[in-house]
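We use all heavy atoms of the structure for the numbers below, so side chains are in, but hydrogens, waters and symmetry mates are not.
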Amino acid sequence: MNATEEALARLDKHEAECAIRYEMIQLQLDNHSKRFDRLEALMSRGFFAMGIMITLAIAILEFAR
């Protein structure tokens with residue numbers, strides 16, 4: 001095997017390893033995306049509930065006057 005064939009073989013091996021590595025990175029990003037979507041939904045519900053509580057508190061204070 002000459003130097004060119006050896007370099008090509010090493011390059012092919014490197015590309016295969018990188019493909020596996022990038023696939024694993026993509027899987028991790030997909031998993032984190034699901035977690036962030038769930039967190040965003042929880043935060044939205046929390047902000048909505050806080051808005052209702054503030055509105056009710058203001059209404060009660062105005063009624064108590």
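- For the atom pair CD (Q28) and CG (N31), the distance works out to 8.0 Å, reported to the nearest 0.5 Å.
- Of the inter-residue distances, the one linking E17 atom CD with Y22 atom OH reads 12.0 Å to the nearest 0.5 angstrom.
- With a 6.0 Å radius and a threshold of 12 heavy atoms from other residues, nucleotides or ligands, E40 has its CD atom at or below the threshold.
- A distance of 11.0 Å separates CD1 of I60 from OG1 of T55, quoted to the nearest 0.5 Å.
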Can I get a per-line list of side-chain donor-acceptor pairs under 3.5 Å for residues 2-13, giving both atom names and the distance, sequence neighbours left out?
| residue | atom | partner | partner atom | Å |
| --- | --- | --- | --- | --- |
| N2 | OD1 | T4 | N | 3.2 |
| N2 | OD1 | E5 | N | 2.8 |

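- At least one side-chain heavy atom of R45 sits less than 4.5 Å from a side-chain heavy atom of L42.
- S33 places no side-chain N or O within 3.5 Å of a backbone atom of L29 that could act as its donor or acceptor partner.
- Linking Ile, Leu, Val, Met, Phe, Trp and Tyr whenever their side-chain heavy atoms come within less than 4.5 Å leaves M50 and I58 in two separate clusters.
- To the nearest 0.5 angstrom, M43 atom CE is 4.5 Å from F47 atom CZ.
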